[in-house]
Peer 1: 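One structure follows; several queries about it will come next.
Note on naming: letters A, B, ... go to the chains in the order of the sequence lines (proteins, then strands), and numbering restarts at 1 for each one. Every value quoted in this text rests on a predicted model; they were computed, and no experiment measured them. As a basis for the values below, the full set of heavy atoms in this structure was taken, side chains included, without hydrogen atoms, waters or symmetry mates.
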Number of protein chains: 2
Amino acid sequence: MLAMHSAAESKARRTNEANSKEETEAPFGLGVVLRLKPNETLFSEGDAAASFYQIKEGVIRSFRMMIDGRRQIISFSQPGDYLGLEWEGDRAMTAEAIIDTAVVSYPRRHLEGRATADVRVQNRMMAVLFGGLHNAQEHLVMLGRQTAMEKLGWFLVRLARSSRMNNGALALPMNRTDIADYLGLSMETVSRGFSLLTREGYIALPDAHQVCIRNFKRLDALARGEVPTAH
Amino acid sequence: MLAMHSAAESKARRTNEANSKEETEAPFGLGVVLRLKPNETLFSEGDAAASFYQIKEGVIRSFRMMIDGRRQIISFSQPGDYLGLEWEGDRAMTAEAIIDTAVVSYPRRHLEGRATADVRVQNRMMAVLFGGLHNAQEHLVMLGRQTAMEKLGWFLVRLARSSRMNNGALALPMNRTDIADYLGLSMETVSRGFSLLTREGYIALPDAHQVCIRNFKRLDALARGEVPTAH
DNA sequence: CGGCTTCTTGAATCTAGTCAAACTGCGTGG
DNA sequence: CCACGCAGTTTGACTAGATTCAAGAAGCCG
């Protein structure tokens, strides 16, 4: 346990399966709390999947990368969300903290044994898996069939639904490149899109990491593709 | 049971949860066989999800549609694949036969009761769900980050891996529009792409519904984004 | 054989991407 | 405290890849 925290850790990129620990009681049994700083890696594509996680605090981006560096973000995980469930074998994606984040880690075998025995654990796991599938399906429609402006509307509507507001504003912890890689766009298109949404009165941007939704109904219509004049 | 099959059934669009029946013994217990003609609907977005299915024969397209008709195909299901598993509530997508298709139908409750009891059923269900998530993730990367030619390569490589060849040729039961709506492209781009792949020696097209893969390795490299000069 | 649907090809348009420059906010150090 | 540097964001100009619209070819069914 000596000198576990190197001076370089604040900019760390290394995989981090053991960090500062705390024991917790939680729905999947006993877990260990891991704390991650911005851009720290929880696990990487190709690692053996020994654990799964629940976010306690913060935000995690999970993504897959192509050999030439193109990146597709699969999900932004928020407090309460589960992450890193794999059936067998290796990680199919990389998970990194976006901001200071705390996750509870459970050993995978912990689940296997209990799932067969405890119906409630089993149901919870099913719910998580079905939820993931449902999200992925909506993500597919968005990526495959929506325009840039619709994608941004979709993103903001989802964000509004999944996170709580701070005196009228939503936190945007991820940067423009993250948003772009989530929506299948370029960083510049995201930025231009936000500017346009602001000009058109959909939203306001107090600063780059905060959004106020001015007209949710209209934004939702945009997200659903009901605004034909959405250049 | 009289006059169940109307004359118009060959072009039917109606939901079809009860059709010609046969009893079968299968891994999820007793099921009923349903037979579908091309373009017949197995279930529709919004229906109550009372059953799930396994494909015995044929191909099914599952998709979601936007109000203005834009369509995203989520999956092409082939013999052996499971389909229509929903956690609770209504169908999130529509499933239609592409060609003459036979599926085994199981009532959903059938599973709920058994899953809690039988570890093997449970594991099978988990495997199906994890498989679906894995597929969806690859689909996301393709839709979000690949070029038209890479998408076509990806599609053909997947097809080659999932279906057996008929004397050197793969069946392409779906039409160009289906492929386009699966890959997030236009029908014309798919057609042009196939022509280009043919000219460049990747594939041959004996006819519109048959492909021969001439150079699998190169096609796979294309699909992975390792061919920079893929206009 | 004729009519219909599906597929292919062409030409023009347009959306989003790329490359590049300027701006902003922030933390550091003089 | 202000200047500097840096990372992230915004904006601009141009380009490219894919879509759209449109016409022609090919296969399929009756």
Side-chain angles (χ1 to χ4, degrees), chain A residues 10-11 38-39 61 68-72 98-99 142-153 155 172-199 203-211 222 225 227-231, chain B residues 7 10-11 37-39 68-72 98-100 142-153 155 172-199 203-211 222 225 227-231:
Chain A
S10 57
K11 275 213 157 191
N39 298 318
R61 64 174 164 249
D68 61 357
R70 278 177 283 176
R71 188 178 69 155
Q72 177 63 47
I98 288 179
I99 52 177
M142 182 276 288
L143 285 177
R145 286 295 177 231
Q146 306 216 163
T147 66
M149 292 311 292
E150 289 169 356
K151 287 176 173 184
L152 285 170
F155 172 71
L172 271 183
M174 60 292 284
N175 62 30
R176 299 294 184 261
T177 304
D178 288 336
I179 298 172
D181 287 349
Y182 185 56
L183 300 179
L185 297 171
S186 72
M187 198 260 270
E188 293 91 333
T189 299
V190 171
S191 183
R192 273 187 252 276
F194 278 162
S195 300
L196 186 53
L197 289 177
T198 303
R199 256 177 279 135
I203 60 170
L205 289 166
D207 69 89
H209 293 282
Q210 208 112 339
V211 222
L222 174 63
V227 183
T229 328
H231 9 236
Chain B
S10 57
K11 275 212 155 191
K37 296 210 188 320
N39 299 317
D68 61 358
R70 279 177 282 177
R71 187 178 70 155
Q72 178 63 48
I98 287 178
I99 52 177
D100 283 324
M142 182 278 287
L143 286 177
R145 286 294 176 231
Q146 304 216 162
T147 66
M149 293 310 292
E150 288 169 356
K151 286 176 172 184
L152 285 169
F155 172 71
L172 270 182
M174 60 293 284
N175 62 31
R176 299 292 184 261
T177 303
D178 287 337
I179 299 173
D181 287 348
Y182 185 57
L183 300 179
L185 296 172
S186 72
M187 199 258 271
E188 294 91 333
T189 300
V190 171
S191 183
R192 274 187 252 276
F194 277 162
S195 300
L196 186 54
L197 288 177
T198 303
R199 256 177 280 135
I203 61 171
L205 289 166
D207 69 89
H209 292 282
Q210 208 112 336
V211 223
L222 175 64
V227 183
T229 326
H231 12 233

Peer 1: Could you tell me whether the side chain of B:Leu197 reaches within less than 4.5 Å of the side chain of B:Leu222, counting heavy atoms only?
Peer 2: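 Yes. Closest side-chain heavy atoms under 4.5 Å.
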Peer 1: Provide the closest heavy-atom pair for B:Leu143 versus B:Gly184 in the form atom of the first, atom of the second, distance.
Peer 2: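 Between these two residues, the closest heavy atoms are CD2-N, 3.7 Å.
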Peer 1: Are OP1 or OP2 of C:dT6 and a side-chain N or O of B:His209 less than 4.0 angstrom apart?
Peer 2: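 Checking B:His209 against C:dT6: no side-chain N or O falls below 4.0 Å of OP1 or OP2.
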Peer 1: How would you list, by chain and number, every residue that makes a side chain to side chain contact (heavy atoms under 4.5 Å, CB included) with B:Ser195, sequence neighbours excluded?
Peer 2: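 With neighbours one apart ignored, the set is B:Arg199.
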Peer 1: How many Å lie between CG on B:Leu185 and P on C:dT15, as a whole number?
Peer 2: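 One finds 18 Å between P of C:dT15 and CG of B:Leu185, rounded.
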Peer 1: Taking side chain to side chain contact (heavy atoms under 4.5 Å, CB included) as the test, write out the residues that go with A:Ser191, two or more places apart.
Peer 2: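 Side chain to side chain contact (heavy atoms under 4.5 Å, CB included) check on A:Ser191 returns nothing, list empty.
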Peer 1: Identify, with sequence neighbours excluded, every residue that meets side chain to side chain contact (heavy atoms under 4.5 Å, CB included) alongside B:Arg192.
Peer 2: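 B:Arg192: side chain to side chain contact (heavy atoms under 4.5 Å, CB included) contacts with B:Glu188.
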Peer 1: Roughly how many Å is it from CD in A:Glu150 to P in C:dT15, rounded to a whole number?
Peer 2: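 So the two atoms are 12 Å apart, to the nearest Å.
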Peer 1: What is the distance, to the nearest angstrom, from the CZ atom on A:Arg145 to the C1' atom on D:dT19?
Peer 2: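 That distance rounds to 10 Å.
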Peer 1: Can you tell me the distance, in whole Å, between the CD atom of B:Gln146 and the C1' atom of C:dG17?
Peer 2: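 Roughly 17 Å, once rounded to whole Å.
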Peer 1: So which heavy atom on B:Ala148 is nearest to which on B:Thr189, and how close?
Peer 2: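 Scanning both residues completely, I find the closest heavy atoms to be CB-CG2, 3.7 Å.
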Peer 1: Which atoms of nucleotides 28-30 of chain D (N or O only) lie under 3.5 Å from a protein N or O atom, and what are those distances?
Peer 2:
none

Peer 1: Find the distance B:Ile179:CD1 to D:dA18:P and express it as a whole number of Å.
Peer 2: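 Distance, rounded to whole Å: 16 Å.
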Peer 1: Taking side chain to side chain contact (heavy atoms under 4.5 Å, CB included) as the definition, give me every residue that meets it alongside B:Ala208, ordered by chain and number, with sequence neighbours left out.
Peer 2: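 If we apply the side chain to side chain contact (heavy atoms under 4.5 Å, CB included) test to B:Ala208, skipping adjacent residues, the hits are B:Arg176.
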Peer 1: What N/O pairs connect the protein and nucleotides 10-15 of chain D at under 3.5 Å? Give each pair on its own line.
Peer 2:
residue	atom	partner	partner atom	Å
D:dT10	OP1	A:Arg176	NH2	3.2
D:dT10	OP2	A:Arg176	NE	2.8
D:dT10	OP2	A:Ser191	OG	2.8
D:dT10	O5'	A:Ser191	OG	3.1
D:dT11	OP2	A:Ser195	OG	2.4
D:dG12	N7	A:Arg192	NH1	2.9
D:dG12	O6	A:Arg192	NH2	3.2
D:dA13	N6	A:Arg192	NH2	3.4

Peer 1: Students often get this wrong, so: under 4.0 angstrom with heavy atoms, is B:Gly193 touching a base, only sugar-phosphate, or nothing?
Peer 2: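 If one applies the 4.0 Å heavy-atom cut-off, B:Gly193 turns out to touch nothing in the nucleic acid.
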Peer 1: Among residues at least two apart in sequence or on other chains, which ones pass side chain to side chain donor-acceptor pair (under 3.5 Å) with B:Asp178?
Peer 2: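 Residues passing side chain to side chain donor-acceptor pair (under 3.5 Å) with B:Asp178: B:Arg61, B:Arg71.
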Peer 1: How long is the line joining CE of B:Met149 and P of D:dA16, in whole Å?
Peer 2: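 Atom-to-atom, B:Met149 to D:dA16, this comes out as 18 Å.
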Peer 1: Considering only heavy atoms from C-beta outward, does the side chain of A:Phe194 approach that of A:Leu172 to under 4.5 Å?
Peer 2: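 A side-chain contact under 4.5 Å exists here.
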Peer 1: Does B:Asp68 have any salt bridge (Lys or Arg N to Asp or Glu O under 4.0 Å) partners at least two apart in sequence or in another chain, and if so, which?
Peer 2: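 B:Asp68 satisfies salt bridge (Lys or Arg N to Asp or Glu O under 4.0 Å) with B:Arg70 once adjacent residues are dropped.
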Peer 1: Rounded off to whole Å, could you give me the CE-to-P distance for the A:Met174 and D:dG8 pair?
Peer 2: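 After rounding, the gap between these two atoms is 15 Å.
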Peer 1: Of all heavy-atom pairs between B:Arg145 and A:Leu185, which one has the smallest distance, and what is that distance?
Peer 2: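 Taking every non-hydrogen atom into account, NH2-O, 2.7 Å.
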Peer 1: Using whole Å, report how far CG of B:Leu196 lies from P of D:dA18.
Peer 2: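 Computing the B:Leu196:CG to D:dA18:P distance gives 11 Å.
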Peer 1: Between the axis at one end of the helix from C:dT8-D:dA23 to C:dG30-D:dC1 and the axis at the other (five pairs apiece), what's the angle to 10 degrees?
Peer 2: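 End-to-end axis angle: 30°.
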Peer 1: Can you figure out which of D:dA18, C:dC7, C:dA16 approaches the side chain of B:Asn175 most closely?
Peer 2: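 In terms of side-chain proximity for B:Asn175, the closest of D:dA18, C:dC7, C:dA16 is C:dC7.
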